[in-house]
Number of protein chains: 2
Amino acid sequence: MKTKTQNLDIEKVFRALSDLTRLRILNLLRGGELCVCDLIDVLDLPQSTVSRHLAYLRKTNLVTSRKEGLWHYYQLAPAELKFSKKIMECIEASCDVIPLLDKDVQSLQSSSCSDCCG
Amino acid sequence: MKTKTQNLDIEKVFRALSDLTRLRILNLLRGGELCVCDLIDVLDLPQSTVSRHLAYLRKTNLVTSRKEGLWHYYQLAPAELKFSKKIMECIEASCDVIPLLDKDVQSLQSSSCSDCCG
DNA sequence: TTAATATATCCGTGTAGGCGAATGTATTAT
DNA sequence: ATAATACATTCGCCTACACGGATATATTAA
């Protein structure tokens with residue numbers, strides 16, 4: 001059953017979005033790349049939990065990461081397919097329904113850590 | 001962690017879409033309501049499997065059903081929220097990536113069962 | 001070297017949900 | 001009543017993956 005194209009497995013993508021923590025991460029990354037410590041700070045979750053979800057998102061090709069010294073920066077993968085664009089619109093629309101998503105963004109902005117590893 | 005609004009649990013919705021069989025069902029329903037026997041026919045899956053997935057979609061409020069004699073007709077739930085509309089656009093976009101989805105629609109059209117319970 | 005920091009991975013445990021055969025329940029036809 | 005049809009639900013089995021504590025790895029600083 002082939003559902004993969006250009007490194008994008010539709011079923012896996014939807015599965016990735018079916019977890020609140022991953023949804024929060026993706027939503028935060030819409031504002032630009034972030035390092036793991038930023039995410040841990042805003043999400044207020046154990047480091048292993050955040051790291052596990054990031055690994056999941058990496059495997060699903062929804063995010064990419066780059067390493068700079070001690071920090072790993074994560075960013076949204078470029079949305080090339082029409083499908084990927086629609087997925088991003090879904091995440092945006094989720095903000096209307098899940099107040100926490102907007103709260104996260106505000107929490108990031110007011111976070112003193114947001115420039116700790118700039 | 002509140003993620004529910006107007007009977008729509010975002011996480012559950014994405015989880016519902018993360019299964020190929022359910023994606024196929026939703027895509028078929030985009031063409032209008034269908035009875036279970038139509039779906040079994042096109043999907044070529046055991047009755048219990050199809051029925052279980054339909055139950056899942058019902059619980060997620062993605063579909064509704066009506067009963068007419070011996071037949072149960074399923075239809076897409078009306079997309080009231082912006083989020084729901086975007087979800088439908090995602091399913092549509094999935095057709096570009098999963099050839100089976102278009103094949104299903106054709107298979108339905110040429111199916112002799114497609115008017116067995118009209 | 002040694003220590004500290006940032007991140008990834010491993011571990012044991014628990015739950016959600018996949019499968020198809022079998023069974024239960026309406027409904028309609030004879 | 002009996003049989004056939006359309007569907008839902010139950011069952012036992014199995015895999016994916018959620019969790020957070022513990023540990024491993026890489027980098028940089030002292």
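Chain identifiers are assigned alphabetically (A, B, ...) following the order of the sequence lines, protein sequences preceding nucleic acid strands; residue numbering begins at 1 within each chain.
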| message | I need the CG-C1' distance between Leu70(B) and dA6(D), as an integer number of Å. | response | 5 Å

| query | Between dT7(C), dG20(C), dC17(D), which one does the side chain of Ser51(A) approach most closely? | reply | dT7(C)

| field | Whole-Å distance separating the CH2 atom of Trp71(B) from the C1' atom of dT27(C) | value | 10 Å

| Is it the case that Arg30(B) and Asn27(B) place a side-chain donor and acceptor less than 3.5 Å from each other? | yes

| query | Looking across every strand, which nucleic acid part, if any, lies under 4.0 Å from Arg52(A) by heavy atom: base, sugar-phosphate, or nothing? | reply | base

| said: I need the CD-P distance between Glu11(B) and dA18(D), as an integer number of Å. | reply: 11 Å

| request: Ignoring hydrogens and angles, answer whether the base of dA8(C) and the side-chain atoms of Gln47(A) contain a donor-acceptor pair closer than 3.5 Å. | output: yes

| field | Residue met sooner reading DNA chain C from 5', once Tyr74(A) and Arg15(A) are mapped to nucleotides | value | Tyr74(A)

| remark: To the nearest angstrom, the CG-C1' distance between Leu45(B) and dA8(D) comes to 17 Å

| How about Lys82(A): does its NZ atom have over 12 heavy atoms from other parts shown lying under 6.0 Å from it? | yes

| Leu39(A) has an atom CG; how far is it from atom C1' of dA6(C), in whole Å? | 13 Å

| For atom NE2 of His72(A) and atom C1' of dT25(D), their distance in whole Å | 10 Å

| query | Leu54(A) has an atom CG; how far is it from atom P of dC19(D), in whole Å? | reply | 12 Å

| said: Quick check on DNA chain D: between Arg22(A) and Arg58(B), whose nearest nucleotide comes earlier from the 5' end? | reply: Arg58(B)

| said: For the residue pair Glu11(B) / Ser18(A), report whether a side-chain donor-acceptor contact shorter than 3.5 Å exists. | reply: no

| For dA6(C), does either OP1 or OP2 sit under 4.0 Å from a side-chain N or O belonging to Lys67(A)? | no

| request: Please work out whether the ring planes of Phe14(A) and Phe83(A) are parallel, tilted or perpendicular, with thresholds of 30° and 60°. | output: perpendicular

| remark: By nearest-nucleotide position on DNA chain D, the 5'-leaning member of Ser48(A) and Lys12(A) is Lys12(A)

| request: May I ask you to evaluate whether Thr49(A) reaches the phosphate of dG20(D), defined as a side-chain N or O under 4.0 Å from OP1 or OP2? | output: yes

| task | Measure from NE2 on His53(B) to C1' on dA16(C) and round the result to the nearest Å. | result | 14 Å

| Does a donor on one side chain sit under 3.5 Å from an acceptor on the other, for Arg15(B) and Tyr56(B)? | no

